[in-house]
Participant: 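Take this structure first; my questions come after.
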Amino acid sequence: MSWSEVDARTGRRWERDDGLAVLTLRQTATGDWAVTLDVLEQADDGPRYERRTVADEEAALDRAETLRETHD
């Protein structure tokens, strides 16, 4: 499976091609960056919910890439 970036109101959002996982990246009110992975229960690798806050956008993009590779 692969991931596709889709339009997001804020930040960035990727959906896995099977439609059973979503990854979002957004800046928080405090200026940190939140990376959130939500894998639905119906997915072979689900359920899973993970949220991590990092200090900058570059670290958030790195974390998002790692999660996409891990849950591909």
Participant: First locate atom CG of L25, then atom OG1 of T10, and finally report the distance between them rounded to the nearest 0.5 Å.
Facilitator: 10.0 Å
Participant: Decide yes or no on side-chain contact (heavy atoms from CB on, under 4.5 Å) for V39 and R16, but give the supporting numbers first.
Facilitator: CA-CA 9 Å; V39 181; R16 199 165 63 183; 4.2 Å; yes
Participant: Closest approach of E41 and P47, non-hydrogen atoms and distance?
Facilitator: CA-CB, 3.8 Å
Participant: When you measure from the side chain of W14 to the backbone of W3, do you find a donor-acceptor pair of N or O atoms at a distance under 3.5 Å?
Facilitator: no
Participant: According to a hydrophobic-cluster definition based on side-chain heavy atoms being under 4.5 Å apart (Ile, Leu, Val, Met, Phe, Trp, Tyr only), do V54 and L61 belong together?
Facilitator: yes
Participant: How long is the straight-line distance from CG of L37 back to NE2 of H71, given to the nearest 0.5 Å?
Facilitator: 5.0 Å
Participant: Identify, with sequence neighbours excluded, every residue that meets side chain to side chain donor-acceptor pair (under 3.5 Å) alongside E50.
Facilitator: R48, R63
Participant: Look up atom CD in E5 and atom CG in L23, then write down how far apart they are to the nearest 0.5 Å.
Facilitator: 10.0 Å
Participant: D17 and S4: which non-hydrogen atoms are nearest, and at how many Å?
Facilitator: OD1-OG, 3.2 Å
Participant: To the nearest 0.5 Å, what is the distance between CD on Q27 and OG1 on T53?
Facilitator: 11.5 Å
Participant: Of the non-hydrogen atoms in A55 and W33, which two are nearest, and what is the gap between them?
Facilitator: O-CD1, 4.1 Å
Participant: Crowded around E69 CD? As in, over 12 foreign heavy atoms under 6.0 Å?
Facilitator: yes
Participant: Show the nearest heavy-atom pair for residues R13 and D7, with the distance to one decimal.
Facilitator: CD-O, 4.3 Å
